Every structure is written in C-alpha cells, then in structure tokens.
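Bear in mind the structure is a predicted one, so any value in this text is a computation, not a measurement. Numbers here are sequence positions counted from 1.
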Amino acid sequence: MSISLAPELAATVPPADHRLHQAREFNREAEQCLGGSPEHARFLLAEAEEVARSLGANSELAISALLRARLLYGEAKFDDALATANEAARLAEVDADPSVRAKTLSGLGAMWASIGLGEHALPQLETAAELLLDTDDEAGLALVRSLLGGVQAQLGRADEGLQQLEHAWASFVELGLVNRAIETRHNIACLHNHEGRFDEALRLTSGNAVDAESVRDFLLLGHIEATAVEALCGLKRFDDAVLRGRSALKKVRPGSRSELDVRLWLGIALGKGGMTAEALNILEETLRKADEAKLPPNQALLSALVTVCQQLGEPARASPYQAMMSHHAEVGHERMTRLRLKALAMTVELQATRLQFGRVAAERTRLQSLLENNERLLDAANSPDRERRAAFLPELGVVLDEFDAAFDGAACGFSLMYQPVVELRSGAITGFEALLRLRHPKHGDILPLEFIGRLEASGEIMTVGHWVLRQACNDLVKLQRDHERPLRMAVNVSPREFDLAGFADGVVRVISAANLPASAVELELTEGVAMSMHAPVIRQLQYLRDAGVRLAMDDFGTGFSNFASMSEAPLSRIKIDRSMISGIGRGVRQAAVLRSMVQTARNLGLPLIAEGIEGAHQLAELRALGCEEGQGFMFGAAMPLEAAQMRLRRK
C-alpha cells in the first residue's frame with residue numbers, strides 16, 4: 001500500500017531538482033567560507049549533506065565530504081582530513097560524474113602531496129587530469145596540472161613536472177586567474193632552483209615579486225623573495241643575496257611562514273658570505289620564532305645552524321642542533337611510516353570501490369592487479385616486527401621512470417637463486433627460473449613479499465629488474481658451459497617495467513650483450529601484463545616476441561584471464577600456479593578445473609609449465625594430462641649459481 005501526501009503538504013515539499021540545487025548552493029557557499037568563517041562553513045555543509053543524503057545524491061555528498069576534509073586539514077587534523085577526503089573520493093566513484101571524481105581525487109592528491117607522500121598523490125592527480133580532459137573545466141584542469149607538476153618534480157621527474165607547470169601557468173594567464181598564475185610561476189622558479197638553473201629561477205622571481213605585490217599577496221611574496229635569495233646563493237652572489245633578504249624582511253607579514261622562509265635563506269646567505277656571527281643570530285631567532293608559532297623545526301634550518309656553529313669554531317654550540325636533527329628525523333620517520341600505512345589502507349579501500357564500478361574490462365584488470373599488490377603490501381606492512389616493517393615500507397624519495405644501468409645489486413644486498421625447470425617425462429633439466437632475494441645487514445633475509453612491494457611502489461623495480469636480467473643472462477652463460485642441451489632462463493618482469501618506452505629494446509640489448517640467443521630467455525609476465533590491451537604494452541610484447549624472446553604467463557589460474565585476450569597476447573608458454581597443483585587429488589572439481597586449463601593451453605597451441613610440484617601423485621597426474629615441464633621441491637629448491645652448476649655436472 002502506498003501512502004500519498006495530502007495536497008497542502010505536498011505543496012510545501014520542494015521538487016527533487018530544486019532540492020539538489022539547494023545542496024549545490026550550500027556547498028558552493030561553504031567553499032567560499034572555508035578560509036574566513038569555518039563555523040559557518042560547517043553549518044552549510046551539514047545542510048548540504050542532509051539534503052543530498054535524502055536524495056541519494058552521492059556527487060553532492062562527495063563534494064561536502066571534500067570540503068569538510070579541507071576544514072579538518074586547516075585545523076591540522078591530518079588523519080581525519082585524509083580519511084574524509086578518501087571517503088569523498090569513494091562516494092564520487094559511485095555516481096561516476098567525471099568532474100566530481102576529478103575534484104575529489106585532486107583534493108585527496110593535494111593532501112597526500114602536502115605531507116610528503118607524493119607517491120600516493122601521483123595516481124590520484126593523474127586520474128583527475130585524465131577525467132578533466134573530457135570536460136570543459138579548463139580552470140580545474142589547470143589546477144590539477146599545477147599540482148601534478150609539483151608532485152612529479154618532488155618525485156624526481158623534473159622534466160615532466162616542468163612541462164605540467166608551464167601548461168598550467170599558460171592556462172591561468174589565459175583564463176585571467178592572476179593569483180593562480182603567480183603561484184604556478186613561483187613553483188616553476190622553485191623547480192629551476194632545485195635543478196640548479198639559478199639564472200632562470202632568478203629571472204622568474206623578479207617578475208613574480210612585482211605581480212605578488214600588485215595583488216597584495218604578501219604571504220606568497222615572502223616565499224618568492226626567499227626563492228630569489230636561494231637563487232642568488234646558488235649563483236654565489238652572496239652580497240646581493242643578503243641585500244635581497246634584508247629588503248624582503250621589510251615586506252613580509254611578521255610571524256608568517258614566509259617570514260621564516262626569508263629568514264632561513266638570509267641566514268644561509270650571511271653564513272656563506274662570511275658574516276657568520278650575524279648569520280647565527282638570524283638563524284637562532286628564526287628557530288625561536290618557529291617554536292613560538294608551534295611549527296616543527298625545519299631540518300634545513302637546523303643544518304644551517306650546525307654549519308654556522310662549525311664555521312665559528314664552536315662545535316659544542318652545534319651539538320644541541322645536531323641532537324635536534326637526529327631526534328626530529330627519527331620522529332619524522334615514525335610519522336611517515338604511520339602515514340604510509342594509512343595511505344596503503346585508504347588506497348585499498350578506494351581501489352576496491354573503483355574496481356566495483358570499473359567501466360571497462362581493461363580498467364578492471366588493471367585495478368584488480370593494483371588492489372592485490374597493495375593488499376599484499378599492507379599485510380606485510382602490518383607485521384608485528386616494527387623495525388623490520390618500517391625498514392621496508394616504500395621510502396619517500398625518487399620515483400624512478402628510468403633504470404640505472406650502473407646499478408650494482410649485489411652491493412645493495414640483492415642476489416639471485418636458481419630453481420631448476422625439468423622435462424616431466426624424462427626429468428632432464430631444461431632451464432632455470434631466476435628468483436630475487438634480499439639480505440639486509442641488520443634484519444637478515446627479507447621476504448620477497450616485503451621488498452618487492454617497496455620496489456614496485458618507489459619505481460626502483462625498473463633498475464633492480466634490469467640488474468636481474470643482466471645477472472641472470474651472465475649466469476646462464478656459465479650454466480650453459482656445464483650442459484650440452486640448450487638451457488632456458490626464466491626472469492620475472494614487473495608491470496612497472498613496461499612503463500619504460502624502451503623496455504623491450506633494452507631487454508634485447510642485454511641478451512645480445514651476453515652473446516645469448518634471444519630464445520634462451522623467457523620473461524614471465526603477470527596476468528595483468530599479459531592480458532593488457534593497452535597499445536604501448538602490446539607493441540612492446542610483440543617486439544620482444546618478434547625478436548625471439550619467449551613470453552610466459554605466470555601464475556595462470558589465480559587471476560581472471562579470458563580465452564579471447566589470451567589468444568591475442570603474444571605468449572610462448574603458460575605457467576600453472578602452485579595453488580592449482582596443490583589441489584591435485586583433493587576433489588573432482590579441482591581436477592575438472594585443472595583439465596580445463598590444460599585444454600585451454602592446447603587449444604592455443606601453448607606448452608605448459610607447472611610450478612610447486614612436491615609429490616609423486618602430482619607428477620603422475622600432470623604427466624597424464626600432458627603437461628610438458630615443471631618445477632618444485634620434488635626436483636630441487638632455489639639454489640645459488642654454484643650449486644646449480646654442480647647439479648648440471650651430476651647429470
């Protein structure tokens with residue numbers, strides 16, 4: 001039975017579209033009140049949320065949550081702010097409105113970036129930029145690009161960051177958004193300083209300072225002047241730097257962070273210019289002002305104090321500052337460890353929501369891979385061994401987009417172990433799989449689950465992966481000397497390595513440098529890579545296959561590959577996951593699934609390798625099914641190169 005409102009009551013209830021407009025207006029007014037009247041902003045947000053919740057309008061709820069997160073962030077309640085911003089992004093995923101998704105993701109990304117977790121900010125901002133490309137929100141796209149450029153620069157991708165910042169600056173100028181244009185040009189100057197292009201940084205700050213004064217933005221003006229003093233120090237024009245710093249102190253707002261920024265660089269300029277006594281006075285006063293403002297000590301400020309004390313020949317005076325540096329570095333490490341754990345947990349939540357509402361199969365495949373990787377890393381990060389956990393979480397620093405060809409893995413504690421691959425009919429060794437191991441000088445052997453996650457998150461997997469390939473190829477040459485039949489070396493490849501445009505060409509060159517035939521190397525790909533239909537990945541896979549390199553799908557049976565995608569991927573072999581092998585003899589269903597997998601491989605004309613073979617019953621079943629090769633403890637565990645050579649000699 002339905003219940004109808006009386007005519008006179010129904011007339012008092014605004015229609016849904018009017019109420020939705022109300023919610024949007026409440027959010028818009030709240031955003032305008034964020035800086036000046038936070039309590040009124042809270043009242044407006046409560047009104048907006050009540051209306052949006054009654055309508056089931058997730059987009060407006062997401063905007064309200066994001067604005068509430070910004071209020072919390074302004075009050076330095078960072079944990080609550082990040083959790084609320086993450087919830088805003090999850091709400092936005094449900095309705096899939098591109099502009100709202102972009103706004104929430106850029107807000108979340110900006111928060112992660114501001115606390116130093118650029119590696120977590122980057123994917124949010126990149127997704128936001130992609131979403132805004134399909135809208136007419138030019139100002140929103142420019143803002144996201146300016147944030148993205150700053151994060152890329154923070155993570156060591158200076159050229160990409162500069163390109164994004166320059167695009168954003170040009171857009172702000174064209175749109176007449178003067179303050180945004182000044183901020184972005186300031187960020188460009190900071191990037192030039194960081195990269196040692198001091199002349200260019202100084203040129204930009206000259207025009208920027210004039211513009212900031214014209215719009216009376218004295219807070220930003222202080223940061224601009226500090227950047228100019230830094231550039232002059234970089235050019236070794238210390239007298240000019242001191243003059244600029246003294247002049248800037250007369251313009252900045254007393255007690256502001258920009259005043260502290262100017263004081264820091266004035267002190268550094270005085271010290272470098274030989275005026276060490278005055279430098280010490282300025283720097284100590286800066287530290288006192290920071291304490292009064294309840295700001296955490298700046299490591300650059302403490303370092304400058306130590307340097308000036310040592311220049312004055314007063315090492316005892318430097319000791320307290322050195323102790324403060326050590327203490328705050330330790331506290332900072334603990335804080336970043338906690339935030340990384342929070343970031344991982346939140347990322348898993350957001351990825352799970354995005355996966356639920358994934359729009360296309362390719363996106364779902366990619367997201368599932370990301371989700372599983374982050375869940376594994378989060379499990380490792382929550383290990384009760386705190387020291388071990390903290391040491392191998394993703395470290396803040398450079399996220400690499402190229403490998404370092406001179407990297408020495410052995411010097412960093414990495415090594416390779418080799419597990420034999422055998423022909424199941426004869427038991428003859430046909431090759432080895434190279435398995436990466438890590439021994440830490442303090443913590444001993446580290447589980448691959450822990451350190452691989454760190455390498456993936458930081459991008460260092462590209463450099464380490466290239467070293468693994470070089471080492472494995474060189475070791476294969478040594479192994480081949482002790483064996484008449486041609487051997488094959490299997491090397492695992494991370495999805496991140498395919499981000500490099502020249503990855504495939506680099507693989508071919510490494511194999512050639514070792515004087516090996518391309519067919520002697522087999523790259524083991526995750527299902528996420530093997531099933532990817534992204535054109536750049538497909539081109540690299542095809543290039544490798546055409547060059548003669550073998551490509552195997554690893555862990556078949558654990559993901560969600562399909563027949564159509566497998567038929568298009570240029571694979572040479574399929575590797576059945578150990579979880580499927582361990583189920584042999586445990587029931588009719590497991591046997592049926594395994595037979596189906598074997599039949600799929602036959603239909604595609606692809607040979608099979610089974611991993612994790614530990615018992616005679618498993619070997620007998622695999623032989624009966626026609627599986628060609630296998631590996632596992634029944635044939636030998638992973639072993640060092642010398643042991644693998646001895647094993648071949650015994651045969």
Side-chain angles (χ1 to χ4, degrees), residues 122-123 126-127 129-130 133-134 152 157 159-160 163 358-370 373 399-405 455-456 459-470 472-473 488-514 516-556 559-575 601 604-607:
L122 190 63
E126 287 176 335
T127 301
E130 289 174 8
L133 285 172
D134 296 326
Q152 288 172 328
R157 295 160 59 171
D159 291 341
E160 292 177 55
Q163 186 178 32
R359 295 351 181 236
V360 294
E363 183 181 7
R364 285 198 299 274
T365 300
R366 181 174 59 85
L367 287 170
Q368 182 70 39
S369 176
L370 285 170
N373 180 67
V399 169
L400 304 176
D401 56 4
E402 291 186 4
F403 62 80
D404 176 6
L455 296 175
E456 291 274 4
E460 294 170 278
I461 194 69
M462 299 175 184
T463 285
V464 176
H466 193 261
W467 175 81
V468 169
L469 181 64
R470 296 198 312 268
C473 285
R488 184 176 73 249
M489 179 65 73
V491 178
N492 291 280
V493 178
S494 162
R496 286 294 302 272
E497 294 181 73
F498 283 88
D499 291 343
L500 294 174
F503 168 70
D505 183 59
V507 169
V508 173
R509 282 189 280 107
V510 167
I511 298 171
S512 177
L516 289 169
S519 59
V521 173
E522 184 168 84
L523 302 183
E524 294 194 353
L525 317 173
T526 63
E527 284 187 287
V529 173
M531 296 301 99
S532 174
M533 299 311 293
H534 298 299
V537 175
I538 290 295
R539 281 197 296 271
Q540 296 216 56
L541 291 174
Q542 196 60 58
Y543 178 88
L544 289 165
R545 180 66 185 272
D546 292 345
V549 179
R550 305 186 196 208
L551 303 171
M553 181 198 290
D554 196 10
D555 301 333
F556 182 50
F560 40 91
S561 51
N562 58 72
F563 191 92
S565 297
M566 288 175 63
S567 65
E568 294 177 15
L571 299 172
S572 309
R573 197 179 308 274
I574 292 176
K575 191 170 188 179
L604 294 171
L606 296 174

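- When all heavy atoms of Cys473 and Leu516 are compared, the pair lying nearest together is O-CD1, 3.5 Å.
- Listed by chain and residue number, nothing satisfies the salt bridge (Lys or Arg N to Asp or Glu O under 4.0 Å) test with Asp159 (two or more places apart in sequence, or in another chain).
- Rounding to the nearest 0.5 Å gives a distance of 9.0 Å between CG of Leu122 and OG1 of Thr127.
- Here CZ of Arg509 is found 11.0 Å from CG of Leu469. Values are rounded to the nearest 0.5 Å.
- Although no hydrogens or angles enter the test, the distance criterion places no donor-acceptor pair under 3.5 Å between the side chain of Arg488 and the main chain of Ser519.
- Pairing each heavy atom of Leu571 with each of Met553, the nearest pair is CD1-CE, 3.8 Å.
- Counting heavy atoms from C-beta outward, Val468 and Asn492 have side chains that stay 4.5 Å or more apart.
- For the side chain to side chain contact (heavy atoms under 4.5 Å, CB included) test, no residue two or more places apart in sequence or in another chain qualifies with Ser512.
- Across Val549 and Leu523, no two heavy atoms sit closer than the pair CG1-CG, 4.0 Å.
- Listed by chain and residue number, Gln540, Tyr543, Leu544 satisfy the side chain to side chain contact (heavy atoms under 4.5 Å, CB included) test with Ala504 (two or more places apart in sequence, or in another chain).
- The minimum heavy-atom distance linking Ala472 with Val491 is given by the pair CB-CG2, 3.9 Å.
- For Glu126, the salt bridge (Lys or Arg N to Asp or Glu O under 4.0 Å) partners two or more places apart in sequence, or in a different chain, are Arg157.
- Using a 4.5 Å heavy-atom threshold, the side chains of Val493 and Val507 count as separate.
- Under a 3.5 Å cut-off, the side chain of Ser572 and the backbone N or O of Leu551 do form a donor-acceptor pair.
- Applying the salt bridge (Lys or Arg N to Asp or Glu O under 4.0 Å) criterion to Arg573, with sequence neighbours excluded, gives Glu522, Glu629.
- Rounding to the nearest 0.5 Å places NE2 of His466 at 13.5 Å from CD1 of Ile461.
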